[in-house]
Every structure is written in C-alpha cells, then in structure tokens.
Amino acid sequence: MEPEIEQDRANDALEAETLFDAPTMAEQERMVEAVLFASKEPVTIRELMSRLPKGCDALQAVEQLRNRYEGRGVRVVQVGPAYAIRTAPDLAHIMQKETVENRKLSRAAIETLAIVAYHQPVTRAEIEEIRGVSVSRGTIDQLLELDWIRLGRRKMTPGRPVTFVVTPTFLDQFGLESARDLPGLKELRGAGLLENRPPSGLFGGDETAEEQAELFEDADPAQTSG
Amino acid sequence: MEPEIEQDRANDALEAETLFDAPTMAEQERMVEAVLFASKEPVTIRELMSRLPKGCDALQAVEQLRNRYEGRGVRVVQVGPAYAIRTAPDLAHIMQKETVENRKLSRAAIETLAIVAYHQPVTRAEIEEIRGVSVSRGTIDQLLELDWIRLGRRKMTPGRPVTFVVTPTFLDQFGLESARDLPGLKELRGAGLLENRPPSGLFGGDETAEEQAELFEDADPAQTSG
Amino acid sequence: MAEISLFPTEDQSVEDRLAAEALIVDVDGFEGPLDVLLMLSRTQKVDLRKISVLQLARQYLTFVERAKELRIELAADYLVMAAWLAFLKSRLLLPPDPTEEGPSGEELAAHLAFQLERLQAMRDAAARLLARDQLGRDFFARGYTETVTRVRSVNYSANLLDLMQAYARIRTKEEFRPFVMDRESIFTMEEALERMRGLLGFAGSWTDMMNYLPIEWQGEAEKRRSATAATFAAALQLAKEGKLELRQNETFAPIQMRSRSEEE
C-alpha cells in the first residue's frame, strides 16, 4: 500500500472519531450494493473507499454482500483488485436479448491470447517460438484493442524487448478472479510446459530463452491483479 | 391486469401441465432478478413471461423479488407497466461519480502527451520542434490538470527552461509499468503502427529513429515513479 | 503404422484421393511447420512424450516432397524445417560422432517433442479458456447505469494505441515531405575516389584511412560519417583495382592502407 493511502486512512480514522461514527456494517453493505449495481465496470476497493463515508470498511462490506448473493440470480464476483455484480452463468439461456455478438477471433489470435495468459510476461519472439510461426501484425493489435492484453515490463535481455500481459478486462471477460485461476495452470506448470527450455539452437537462435525462464520465475503472477 | 395477459397466463399454465413442470418460484425469482439487472430498459410483465420458461408466474416472481429488496441498497421499482432495479433514493449522494462524460483527448493533446512520454524530460520548445507546430498553453494546462504530466527538473541550458515528465497517474491510465515500457519506433513499425515507410531509408529518417531509441534508453526510469 | 496420412498412395480410391487433396489445398490453412508436425503426430496416436520423432521427420519430409510434386508453393519456414529434420534424421540414424559438437540427435529430438507438446498444451488451454463462461455471452453486466445526480465531470479518455499512433504520426511526418536530395552532408564515393586517386602516390607506408578524410569533413559527426563511408568504399574499389592494400589488426581497429604501385 502506498504511503499516501495510509495517510488517508489515518486521517479517515481521525475524522471519523471526531466528527461522526461510521455507518453500521449493514448500511455500508447497502452502499456497496448500490455502487456495484450502478456500475458496468468492476469497482476497485480503493474506489469504493473513496465513495463511502469516512471510516467504512469496504472490503468487509463487499465480502458480506458476496455471501448474501450466494445462489441468487446475480452474484458478486471478484475481478483482479475489483468487484462487480454479474448475472449467474446458469441463467444464460434466458438472457439471449442481452447477448453481444463478439467478433470471431482467429485461431492465431486465440492461441496468442492463451500464450500471453499462461506465459506472461511474454515477448513477441517467445510467442513465435511457442507457435512455431510468426505472429501477424493484426493479431497483437486486435488483442490490444479488445483490451485483453497490454504491455508489461520490458525484459532485461539484449534488445530489452517489450512484453505482453493480460488485463483486468480479460479477467472480467472470462470470469477469472486473477491470472492464477487460469484453468489447468498448475498442471501445465507441473508438467514443465510453461518453461522456456533452451531450444539447443533449434529454429532461430534463442539465446535469451534461459534468461527468460528466470525472469518468469521472478514474475509475480499477481501483477495483473495488482 | 389486462384480460389479454390473463389469457396468456392461462395458456402458459395449460402448456406447462402438459409438457413439463415450471421452475420453482425461487428459481423464477432468480430469473427475474437476472433479467431486470441486465436490461437497459424497464421490463414489462409480458416481456418477462416471454423470456421465462413456460408455466412461470412472472408477476408473482417480481413481487417476491420486490419484497426481498425491501430496505436494501437497490430496490425493484415499477415504471409505468414495467419493472426495473434502481438505487435506493437515500443513497443518491454516493452515486455522483456515475455521471462522468467521456471525451476523446484532442489530437494536439495526445501528440504532446506522446512526445512527453517518449522524450521526457522535455521542454516546451522541444515539444514544438518535434511537433513542428506551436503548442498552446491550454494543451499543456489540460495535461497538467489531468495529472498526466508534471513539471520536471529545469534544464541546465540558457534560460533554464522548465521540463515536463509523465506522472504515475499517466502510467496507470495507459496501463504501463514504466515509461520505458513504451515501444520504440522500430517496434511500432514491427507492430504495424507505422504503416508507411519512406521509399528507402537513405536520407535521415531511420537515423533519427535510432538516435531516438538511444535517447530513450538513457531516460531515467526513476523520474516517472517519482 | 501409417507412413503417410496427408497424401494419397496410388491404390487409394478416388474419394480417398479427393479427401487427401482437400487437405493438400489446405496447406494454406496450416499455421506453420510446427502445426503440420503436430497434425502428423496425431496419426501416431501416442502420448506426445513418446512420439517417434524419426517417424515424424520421415512423414514431414514426405509431406514436403509431395507438396513439391504437386507444385504447391511452400513458405520458406516449411523448407527450413525440412532441412533441419533431414539433418536430425541423419543424426538419429548414424552412430554418434564423438568429435561432433552441439546437442545429440536424441536431445534435439526430445526438444522437438517438447515443443510439440507445449504447442498442443497451449491449444488445449486456449480451448478451455474459450469454453469458460464469458461476459456478454453467459453472464452479464448491469444493463442500466445510474445517472442520478447532475454533477458532471468530463473524463478525457485516450488509450495506449492512441498514444502510440500519435507518436508514430509525428515521427513519420518528416518522411512524407516531397522528395529532395539532401546533398549538403553527403560525401559521395565518386568524390572520395577522385580525391584518393590524387593522393595515392604519397601513400607509401601504412596510413590510417581516417587521415584521408578531407579536413572540412572531419569535424561534424554527420559529415564525418558520410566521408568515412565514402572513403572506405573508395578504398575497397581501389584495392579491387589492385592499386592499394588494406589491413586491419583486429576488429574495430583502425583500417590502414598503402599504395601498391611502388612495389611493382
């Protein structure tokens, strides 16, 4: 947490004590409910705190609200560091009217997306190494435009190539709480399939492969949710 | 209630008996909840009936849902012949943020911003030189006000002009971890963002690109996070 | 086990051949050589870890041969892969040469198997990802967003693509000016040749090439660069003509030259 926020909270606590009592937890829950209902986009805890009166505990209120909606027609879901209300997936069949036709993604785009999600942060060269074919210009553009991927940190390898990581929008789209919840992530990692083994000079020199593997180990998978 | 609807309901009930059982009332309530939540407009009983499975009693489900939301942060309200979920009126004061108007940044502003991001720390005169046109005060002010750029160190040149650098808010807005992660000219070209190449790289064009890249490498990353 | 799955053999029925030809036309549909290999490996119907790379290499080479016979244009990477697989095949078949450097045939084969398994894993992962409940298809966001109060604030939006495109636009602007020759800072090879021919007679001993740059071209970086390039090109031309000799002691060391005419 940044010192600035710490400071804010300290101030909040002070003001709350001196000026008025914070609303009851039931009241806080109502407020969180209203805010989450009013927004299409996930709302971060930080944003909730800024909108609730001083002295509120937004996180606890959200958790309580989440429990309350368990099993209902809509539910509280976590999307990275934020929360949103979404309809229950089992009711998809009565929601045809709201269904939006998504642009069909090409096979290349889908594979590229999966590689970014499972291997992030990943460079274009690494995507190409895994797919064994060059990534066309439009593919990356399309994923950037959908706001499903974004630029991550540059890699500390020669040329300092840019990397790609997935976004909160991606998490929201696929109903994931964080990139850690990707299906089969553990199994793939266990099977060594997310490693970037040195290709022993196979197709095109990839001297960077080893360094990349290290970098990946260091990378915090939570960074997309942070 | 209109006689027509009565008739529909009678028909539905008949069909339900002959074909299959209607969902439980709890289930019907969940469905109504999801539909009211996801719909842009208030939904009529008639429309609800057409979306729920045969044999459902939409009216009763709506009434039950309305009771359930009694005293919560949102409520089921009747709008003419239709129903909708709306924020409880006593919470209006925390709903202010929903009325933000989205406007695209002007071309001058986005170009100025791009130059600051790529060339920081950069003076106003340098921005004008790169853009080839003068930069209005309003443009700089707007970017300052948005907290996307801020004043950097004064330059150690005659007149000691002020410089501009990008802010953490900027990084946040554009989903960057640091300004160093911005793609260089070559990468922009690789990504197809620079469609048109000069007939040949003979005169100057590419040379400046390289110089730019160098300049970029030298940029101090600390200053964006400061 | 079937040797060829993609191409017809002579005794196949017409339907079989038609089906196979449909596949051939689909070469365009393959996403590169790894994709073809993955497809071929399916005929082995085994765990990708236990795949016979040797057999796969044979199948791939047959695939490329057939494509050639049928005059299908294969992209360069397909041919590169064919060459590499032919090399791998020979490594796998011949007893290992202890003097040979680099990874063994088995290591190369194991890596290829790993690559195939990894690609297949990513495809499966992509399929699983797409099979998940999705926003706007299986679950939905709020349809109506509240506009209760009249507090209006303007939110200026711009995304990374806008930013990058703006920058790209500025940086390429100068590339679109009318075509003019900027000759001011260009020292041509012709000029350099002319100058060097005049100076050749005095070049008896080894002299740093940079000394041949006209004095007025030695200052400014831009001019010096152009003059250096032109002088170097001219020196190569003269060396080719047998009029001078060039030497360089090590990489990036000064290039020295001297006239040859005196020795003759």
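Order of the sequence lines sets the chain letters (A, B, ...), proteins ahead of strands, with each chain counted from 1.
- Between A:Leu194 and C:Met122, some side-chain heavy-atom pair lies under the 4.5 Å cut-off.
- Of all the listed residues (C:Ala126, C:Pro33, C:Gly136), the one sharing the greatest number of non-hydrogen pairs under 4.5 Å with chain A is C:Gly136.
- What you find for A:Ala92 and C:Arg137 is that their closest heavy atoms are CB-O, 4.0 Å.
- Of the listed residues (A:Ile110, A:Asp147, A:Ile130), the one with the most heavy-atom contacts under 4.5 Å to chain C is A:Ile130.
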Step-by-step side chain to side chain contact (heavy atoms under 4.5 Å, CB included) determination, A:Leu193 to C:Phe114:
CA-CA 8 Å; A:Leu193 290 169; C:Phe114 165 71; 4.1 Å; yes
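- C:Asp138 contributes atom CG, which lies 10.5 Å from atom CG of A:Asp90 (distance to the nearest 0.5 angstrom).
- No side-chain heavy atom of C:Phe140 sits less than 4.5 Å from a side-chain heavy atom of A:Arg86.
- Interface summary for chain C: among A:Gln96, A:Glu111, A:Glu187, A:Glu41, the most heavy-atom pairs under 4.5 angstrom belong to A:Glu111.
- With a 4.5 Å cut-off on non-hydrogen atoms, A:Ala88 touches chain C through its backbone but not through its side chain.
- With respect to chain C, the highest number of heavy-atom pairs below 4.5 Å among A:Pro89, A:Gly132, A:Ala114, A:Pro42 belongs to A:Pro89.
- Put simply, the side chain of A:Gln173 gets close to the backbone of C:Leu135: a donor and an acceptor are under 3.5 Å apart.
- At a threshold of 4.5 Å between non-hydrogen side-chain atoms, the residues A:Glu129 and C:Gln115 count as touching.
- Listed options C:Leu130, C:Leu129, C:Leu38 were ranked by heavy-atom pairs under 4.5 angstrom with chain A; first place goes to C:Leu129.
- A:Phe174 contributes atom CZ, which lies 9.5 Å from atom CZ of C:Phe139 (distance to the nearest 0.5 angstrom).
- Put simply, of A:Thr87, A:Leu151, A:Leu113, the one with the most heavy-atom pairs under 4.5 Å next to chain C is A:Thr87.
- Among A:Leu182, A:Asp172, A:Leu188, the residue making the largest number of heavy-atom pairs under 4.5 Å with chain C is A:Asp172.
- Contact of the A:Arg107 side chain with the C:Asp35 side chain is registered, since non-hydrogen atoms from C-beta on lie closer than 4.5 Å.
- Side-chain contact between C:Arg142 and A:Ile85 is absent, with no heavy-atom pair separated by less than 4.5 Å.
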